[in-house]
Trainee: 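Take this structure first; my questions come after.
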Protein chains: 2
Amino acid sequence: MKQIFVCRESALMPRWREAFPDARCVDESFALEMASAEVQAWVVIQGDTWPVLVRQLAQQGAQQGAIVSVLSYAPDSREATQALEAGARGYAHALSPPELLSQMALVTAHQGIWVGPELMAQVVGGAYRALGGEERLREEMLDRLTQRERAVAVAVAEGNSNKAVARLLGITERTVKAHLGAVFRKLEVRDRMQLVLKLSHQEQSVT
Amino acid sequence: MKQIFVCRESALMPRWREAFPDARCVDESFALEMASAEVQAWVVIQGDTWPVLVRQLAQQGAQQGAIVSVLSYAPDSREATQALEAGARGYAHALSPPELLSQMALVTAHQGIWVGPELMAQVVGGAYRALGGEERLREEMLDRLTQRERAVAVAVAEGNSNKAVARLLGITERTVKAHLGAVFRKLEVRDRMQLVLKLSHQEQSVT
DNA sequence: CCCGGTATTGGACCGAAGGACAGGTAACAG
DNA sequence: CTGTTACCTGTCCTTCGGTCCAATACCGGG
């Protein structure tokens, strides 16, 4: 398995050499020429055209292209998904220690995906929500409430004021407050803000 | 690295034994007892409570739990994301060949994710839409604001009170209100509720 | 029949939120 | 120099949100 880094010679980090002593450093066009299933390519992010390169490297022609991993100096979940979506099998910080790079190489060479636990959580979380998984969590929350409380909670979570909810349900604003109080206790939130955040997606930051 | 299959003895497939001759077959409660970082657990999907089991196995107490892989007789992308979201590191067809299972074990043991190319494409696709699509809209909103307004807006959208935002940014609560007022005008929302809904996802119901 | 949960409402109280009005500085374009 | 814009602060004032302490009524299980 040949290792090649796609970047300028000057941008090559010593730790990469450390991880793969036999690695070569090539430019984009040359990388495309030698892309094959026997090659592991490491693309260092610069500019915004890297997804194109990754895509080309990963699916050379009809069959299996190179095994592509993306290295970023400022990793984030959006970039990670973008990389995976383009066909990369690995995504990590460009300054990751050599041992980690070796591990990535091992994993990706065996049809695995390597992304790093915290980023993976976000990537998967995104997919989970996108595929309707969040509905289940939402239901799980809501079924701990009574009918009325549920109705109030949903209405509030849609951005309605207490008064508006009262009109909607044909009850007093006072009663809305009572139900809402119960909802707060049961779902363990402080106020309607936290409720909205809890019911929409799970990423509230406790102050 | 110990291999354990979580299923009834009768449900154990010969090919699993082939892949891991030393594997044990245990029930759920026993699996939970012996879950640790040195254990690789294979959960065979049956019923609809498996995500709970996976979650418990994967994050045993505070630290690292077992390495969990999920085997399904009817794999699909929703189930795959659900598995990953629950903390599983692998997801494959229950009738996968022994070599593939070994490969999965290798990959997952090294912090990798193994899902299978075609399913991975769908999972990532979902994440891409979820993270990419919404982010763009969100950015579009925010770049109509000044630096300070943006900072206030996101802080509020995370559920912070005016006072908390003031502390966070090192300014007066009054100033927070001023910026927030500007944000409301520019984004055409009535209050912080609508702001949260507008910035988190696009589904506010105008009353 | 009593107890507990649900649904409803009342009043009072206090803090948070948001608007109105009025200032201040600093930077920058015309 | 003047007008504009971002940024920061202040004082009122009103409304909204949330909690505490009540009360009444229904309904089902022990």
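First the proteins, then the strands, lettered A, B, ... as listed; each starts at 1. Because the structure is a prediction, the values reported are computed rather than measured.
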Trainee: Using only side-chain N and O atoms of B:Asn162, determine if any of them is under 4.0 Å from OP1 or OP2 of C:dA16.
Mentor: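 B:Asn162 to C:dA16 OP1/OP2: no side-chain N or O under 4.0 Å.
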Trainee: Quick one: B:Gln194 CD to C:dG18 P, roughly how many Å, whole number?
Mentor: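 Atom CD in B:Gln194 sits about 11 Å away from atom P in C:dG18.
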Trainee: Distance check needed: C:dA17 P versus B:Glu173 CD, whole Å only.
Mentor: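 It is 6 Å, rounded to the nearest whole Å.
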Trainee: Which is more 5' along DNA chain D, the nucleotide nearest B:Glu149 or the one nearest B:Arg174? Just name the residue.
Mentor: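 Counting from the 5' end, the first nearest nucleotide belongs to B:Glu149.
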Trainee: Which is true for A:Ala178 with a 4.0 Å heavy-atom rule: it touches a base, it touches only sugar-phosphate, or it touches nothing?
Mentor: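 A:Ala178: base contact, heavy atoms under 4.0 Å.
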Trainee: Has A:Thr172 got a side-chain atom pairing as donor or acceptor with A:Thr175's backbone, closer than 3.5 angstrom?
Mentor: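 Between the backbone of A:Thr175 and the side chain of A:Thr172 there is no qualifying donor-acceptor contact (under 3.5 Å).
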Trainee: Taking the nucleotide of DNA chain C with the nearest heavy atom to each, does A:Ile171 or A:Lys186 sit closer to the 5' end?
Mentor: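 Nearer the 5' end of the strand: A:Lys186.
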Trainee: Nearest whole Å is fine: how far is D:dA6 P from B:Arg150 CZ?
Mentor: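 Going from B:Arg150 (CZ) to D:dA6 (P), I get 11 Å.
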Trainee: Is the distance from OP1 or OP2 of C:dA7 to the nearest side-chain N or O of A:Thr146 less than 4.0 Å?
Mentor: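 For C:dA7, OP1/OP2 do have a side-chain N/O of A:Thr146 under 4.0 Å.
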Trainee: How close do B:Ala182 and B:Glu149 get, counting heavy atoms only, and between which atoms?
Mentor: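 Nearest heavy atoms, B:Ala182 then B:Glu149: CB-OE2, 3.3 Å.
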Trainee: Side-chain N or O of A:Thr175 versus OP1/OP2 of C:dA7: is the shortest distance under 4.0 Å?
Mentor: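 So the side-chain polar atoms of A:Thr175 never come under 4.0 Å of the phosphate oxygens OP1 or OP2 of C:dA7.
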Trainee: Expressed as a whole number of angstroms, how long is the span from B:Lys177:NZ to D:dC16:C1'?
Mentor: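 So the two atoms are 12 Å apart, to the nearest Å.
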Trainee: Please report, rounded to the nearest Å, how far the C1' atom of D:dT15 is from the CG atom of B:Asp191.
Mentor: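 Taking atom C1' of D:dT15 as the reference, CG of B:Asp191 is at 12 Å.
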Trainee: Please tell me if A:Ser161 has a side-chain N or O lying less than 4.0 Å from either OP1 or OP2 of D:dC16.
Mentor: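 Result: no.
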Trainee: Exactly one of B:Glu173, B:His179, B:Arg192 should register a side-chain hydrogen bond (donor to acceptor under 3.5 Å, both in side chains) with B:Asn162. Which one does?
Mentor: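 Of the listed residues B:Glu173, B:His179, B:Arg192, the side-chain hydrogen bond (donor to acceptor under 3.5 Å, both in side chains) partner of B:Asn162 is B:Arg192.
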Trainee: Between D:dG18 atom C1' and A:Lys163 atom NZ, what is the distance in whole Å?
Mentor: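 Going from NZ in A:Lys163 over to C1' in D:dG18 covers 16 Å.
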Trainee: Return the value, rounded to whole Å, for the distance between atom CZ of B:Arg192 and atom C1' of C:dG15.
Mentor: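 Going from B:Arg192 (CZ) to C:dG15 (C1'), I get 13 Å.
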Trainee: Over how many whole Å does the gap from A:Leu180 atom CG to C:dT9 atom C1' extend?
Mentor: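 The answer, rounded to whole Å, is 16 Å.
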Trainee: For the side chain of A:Arg89 and the backbone of A:Trp114, is there at least one donor-acceptor N/O pair under 3.5 Å apart?
Mentor: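 The answer is no, because no donor-acceptor pair under 3.5 Å joins these two groups.
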Trainee: Heavy-atom nearest nucleotide on DNA chain D for A:Met193 versus B:Thr172: which residue maps closer to 5'?
Mentor: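 Final value for this comparison: B:Thr172.
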Trainee: Under 4.0 Å between a side-chain N or O of B:His179 and OP1 or OP2 of D:dC7?
Mentor: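 No, B:His179 has no side-chain N/O under 4.0 Å of OP1/OP2 on D:dC7.
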Trainee: Among the candidates D:dC7, D:dT19, C:dG18, find the nucleotide nearest to the side-chain atoms of A:Phe184.
Mentor: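 Nearest nucleotide to the side chain: D:dT19.
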Trainee: Of A:Leu95, A:Leu71, A:Leu101, A:Val44, which is the lone residue that meets side-chain contact (heavy atoms from CB on, under 4.5 Å) with A:Met13?
Mentor: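 With A:Met13 as partner, A:Leu95, A:Leu71, A:Leu101, A:Val44 yield a single side-chain contact (heavy atoms from CB on, under 4.5 Å), made by A:Leu95.
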Trainee: If only side-chain N and O atoms of B:Arg148 are considered, is one of them under 4.0 Å from the OP1 or OP2 phosphate oxygen of D:dC8?
Mentor: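 The answer is yes; a side-chain N or O of B:Arg148 sits under 4.0 Å from OP1 or OP2.
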